[in-house]
Amino acid sequence: MTNQYKTLGEFIIEHQDSFKYSSGELSRLLNGIRLAAKVVNHEVNKAGLVDIIGEAGDTNIQGENQQKLDVLANEKFIQTLKKREIVCGIASEEEDDFISINSFDNNHQNKYVVLIDPLDGSSNIDVNVSVGTIFSIYRRVTPVGTPVQLEDFLQPGINQIAAGYIVYGTSTMLVYTTGDGVNGFTLNPALGTFYLSHPNMSFPETGKIYSVNEGNYVHFPQGVKNYIKYCQQEEGDRPYTSRYIGSLVSDFHRNMIKGGIYMYPKSSVASEGKLRLLYECNPMAFIAEQANGLASDGKKRIMEIEPTELHQRVPFFCGSRKMVEKAEEFMK
Ligand code: AHM
Ligand code: MG
C-alpha cells in the first residue's frame, strides 16, 4: 500500500514489531490517544460557535486561568486512557498531582504512565490561533502489581518509549515517535481518519527562523541576548526571520518543516523559564532528536535532566541541530 492511503491505525499495527516491549499494549495506548485527539479536535474546531470558550473559573497549579477547553481536553484524554487497562498513571498540566489508575479486577497490572499537556498554548483559543496536545509515555519503574508512585513519572526523557503531539491548525495533525523516526498524520475531517502525510520527518540541519518571545528581551541572560543579535546580523545567510506563534507545538512544527530554533530561556523574572520539563520539553526533545534536531536547556541535553518535581520548569532551546549548537556556544 502506498503511503498516500496509509492510515494511522494501519501504521501503528505495521510498526508494532519494531517496539522492544509487548507491542500490542503500546498500539492500544496510541490508538487511545488517536481517538481522544479526534474528540478534542472536534471540540477545538467548534470553539468559536458555542459558548465554550473563555475562563472556566479555575486556576491550575501554575496560577494560570484555565480555559474551558483545557478542562475538556484534559477530561477527554484522561477518560480515554483510563478505559484501556494499559496505563497505570497519568500526570497532566491541568492536575496538581498524578492520577493513579487501577480497575477493580486488574490489581495494578498496567505498565505505562502517560504525561500530557492536554491543550498547550490555550491562550490562543479565543483568538482562533493554533493550539496543541503534547504527550509522553514511559514504562513504570516500580513493580507491576503495586500502586503507581511519583518516581514512575520523574524519569529522565531518555527513558521515554513514545512521545508525540497533535496540532490543531489549518489542518489537524498527529506527529509521534516510538524511537524509530518521526511520522506525521493529517486528519481527513470528513472521514475522521488520520492519514500518513509526513513520513520520516526531519529538521533541516540549519534554518532561517528563530522563535522567541522578544518582549522578554531585557530580562534574558546576556548569552541569549547576544545570540538574538547574532540572528539579526547581516552576514552569510543572516539575518534570520522571526516567527513566534506563542503555541509551542505550532512553533516547533513549523520549525521542523522549514528549519529553525525555538527558545524559551530563563530570565530575570522567571529563573527556570516557563515550559514544563515532563510534559512539554521532554516529549518535544524526543521528537526533535528523532528528527535529527536537538533540544537543550542552554547547557545540557534536555532528555538527560533528572526530574525532581512533576511541574518542574526548564529553559528550552530546540530545533535544527546547527542552530541549537550555535545558541549553546553563545550561552557558554
Ligand atoms: P501554557 O502551557 O500555559 O499554554 O504555556 C505554554 C505556552 C507555549 O505553548 C508557548 O510557546 C509559550 O507558552 C508562550 O509563552 P509566552 O506567552 O510567555 O511567550
Ligand atoms: Mg502547556
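Atoms within each ligand, like the ligands themselves, are counted from 1 in listed order. All heavy atoms count here, side chains included; hydrogens, waters and symmetry mates do not. As the structure is a prediction and not an experimental result, all values here were calculated from the model.
- Of the N or O atoms in Asn216, none lie within a sub-3.5 Å distance of an N or O in ligand 1.
- With salt bridges taken as basic N to acidic carboxylate O contacts below 4.0 Å, one links Lys326 and Glu329.
- Under the 4.5 Å side-chain criterion, counting only non-hydrogen atoms from C-beta, Val167 is not in contact with Val175.
- An angle of 90° is found at the Mg ion (ligand 2) between Asp117 atom OD2 and Glu280 atom OE2, rounded to 10°.
- Nearest-residue assignment for atom 15 (O) of ligand 1 (options Glu280, Lys274, Glu214; heavy-atom criterion): Lys274.
- Atom numbering of ligand 1 starts at 1 in the shown order; those under 4.0 Å from a heavy atom of Tyr244 are 11 (O), 12 (C), 14 (C), 15 (O), 16 (P), 19 (O).
- Taking the N/O/S atoms of Asp120 in turn, the shortest distance to the Mg ion (ligand 2) belongs to OD1.
- Under the side-chain contact (heavy atoms from CB on, under 4.5 Å) test applied with Met284, the options Ile302, Leu275, Leu248 reduce to a single match, Leu248.
- Under a 4.0 Å criterion applied to the non-hydrogen atoms of Gly246, ligand 1 contributes the atoms 9 (O), 10 (C), 11 (O), 14 (C).
- Residue Tyr262 approaches ligand 1 through these ligand atoms, each under 4.0 Å from one of its heavy atoms: 10 (C), 11 (O).
- The CZ atom of Arg276 lies 13.0 Å from the CG atom of Leu115; values are rounded to the nearest 0.5 Å.
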> Which is it for Lys82 and Gln79 under the side-chain hydrogen bond (donor to acceptor under 3.5 Å, both in side chains) test, yes or no, and what are the steps along the way?
Replying inline: CA-CA 5 Å; Lys82 264 186 176 173; Gln79 274 170 12; over 6 Å; no
>> Working note: Phe330 + Tyr227, criterion ring pair (Phe, Tyr, Trp, His ring centres under 6.0 Å); need CA distance, chi angles, decisive distance, verdict.
In response: CA-CA 6 Å; Phe330 275 91; Tyr227 178 67; 5.7 Å; yes
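- Heavy-atom proximity to Ser122, at under 4.0 Å, picks out these atoms of ligand 1: 4 (O).
- Of the heavy atoms in Leu248, both backbone and side-chain atoms come closer than 4.0 Å to ligand 1.
- Of the heavy atoms in Asp117, only side-chain atoms (C-beta onward) come closer than 4.0 Å to ligand 1.
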> Which is it for Phe153 and Phe98 under the ring pair (Phe, Tyr, Trp, His ring centres under 6.0 Å) test, yes or no, and what are the steps along the way?
Replying inline: CA-CA 8 Å; Phe153 298 91; Phe98 65 83; 4.8 Å; yes
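- Remark: Glu43 does not engage Lys76 in a salt bridge, criterion side-chain N to carboxylate O under 4.0 Å.
- In terms of polar-atom proximity, Leu275 is not counted as a contact of ligand 1, lacking any N or O under 3.5 Å from an N or O of the ligand.
- Between Val324 and Ile261, the closest side-chain pair of non-hydrogen atoms falls below 4.5 Å.
- The Mg ion (ligand 2) sits nearest to atom OE1 when only the N, O or S atoms of Glu93 are considered.
- Using a 4.0 Å cutoff on heavy atoms, Asp120 counts as a contact of ligand 1.
- Residue-ligand proximity, Arg276 to ligand 1, at heavy-atom distances under 4.0 Å covers atoms 1 (P), 2 (O), 3 (O), 5 (O).
- Residue Glu93 approaches ligand 1 through these ligand atoms, each under 4.0 Å from one of its heavy atoms: 1 (P), 2 (O), 3 (O).
- Across all non-hydrogen atoms, the minimal contact from Ile166 to Phe77 is CD1-CZ, 4.1 Å.
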